[in-house]
Amino acid sequence: GAEPGSLPRPWKVSLEMRIEDSGRVGVVAAKAPPELGAELPRCIETAVLQQFRVSRPARKKPTLVRMELVLAPAPAGGV
C-alpha cells in the first residue's frame, strides 16, 4: 500500500453504506484506486462499521448512502 506522506496527488475513495434505523452502519463497501493498496479499503470499512454513527434517519427504514472522500497529501509538518 501507500506509505504515509507518499501520495503525490489527491485520491478519491468511495463509500457505499446502509444506515440502519438506529443510526449505525449495517453494511459498508469502500472502493479506492489500486495504487493505494488493497488494505486501505478494508481498514476504512472496519473503522466505519465500528465507529461511524449518524442521527437516526427520519424514515424508519434502512437508508442507502454514498459518500466520496478525497485523500490529499499534507506537508511533512502536518496541516
Side-chain angles (χ1 to χ4, degrees):
E3 293 298 319
S6 68
L7 299 177
R9 60 183 177 90
W11 298 93
K12 188 183 338 178
V13 176
S14 170
L15 298 176
E16 294 181 1
M17 300 178 281
R18 185 181 74 217
I19 309 293
E20 305 300 340
D21 61 359
S22 65
R24 294 183 63 108
V25 177
V27 176
V28 62
K31 297 177 186 172
E35 299 90 331
L36 296 179
E39 299 85 19
L40 181 67
R42 305 294 96 48
C43 179
I44 292 172
E45 289 169 356
T46 299
V48 168
L49 283 171
Q50 294 177 355
Q51 302 295 323
F52 190 73
R53 303 287 180 273
V54 297
S55 299
R56 293 176 184 256
R59 61 186 190 125
K60 302 296 181 200
K61 293 183 178 181
T63 302
L64 300 178
V65 176
R66 182 179 184 128
M67 185 182 295
E68 302 288 335
L69 305 174
V70 176
L71 305 179
V79 281

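The residues of the chain are indexed from 1 along the displayed sequence. In this text the structure is predicted, and so the values were computed from the model without any measurement.
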Any link between V27 and I19 through a network of hydrophobic side chains (Ile, Leu, Val, Met, Phe, Trp, Tyr) touching at under 4.5 Å?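 Different hydrophobic clusters.
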Any side-chain heavy-atom pair from V54 and T63 closer than 4.5 angstrom?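 Counting from C-beta outward, V54 and T63 never come under 4.5 Å.
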How long is the span from the [atom1] atom in [X] to the [atom2] atom in [Y], to the nearest 0.5 Å?
X: R66; Y: L15; atom1: CZ; atom2: CG; result: 9.5 Å
X: Q50; Y: R24; atom1: CD; atom2: CZ; result: 9.5 Å
X: K31; Y: E45; atom1: NZ; atom2: CD; result: 10.5 Å
X: L36; Y: I44; atom1: CG; atom2: CD1; result: 8.5 Å

Can you confirm whether R53 is buried at CZ, in the sense that more than 12 heavy atoms of other residues, nucleotides or ligands lie under 6.0 Å from that atom?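 Counting neighbours around CZ of R53, more than 12 heavy atoms of other residues, nucleotides or ligands fall under 6.0 Å, so yes.
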Looking only at heavy atoms, what is the nearest atom pair of [X] and [Y], with distance?
X: E20; Y: P62; answer: OE1-CG, 3.7 Å
X: L49; Y: G26; answer: CD2-O, 3.9 Å
X: V48; Y: M17; answer: CG1-SD, 3.7 Å
X: E68; Y: S14; answer: OE2-OG, 3.5 Å

Would you confirm whether E16, through its side chain, and A29, through its main-chain N or O, come within 3.5 Å as a donor-acceptor pair?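 Flag not set: sc E16 to bb A29 has no pair under 3.5 Å.
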Salt-bridge contact R42-E39 (side-chain N to carboxylate O under 4.0 Å):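 The answer is no: the pair does not qualify as a salt bridge.
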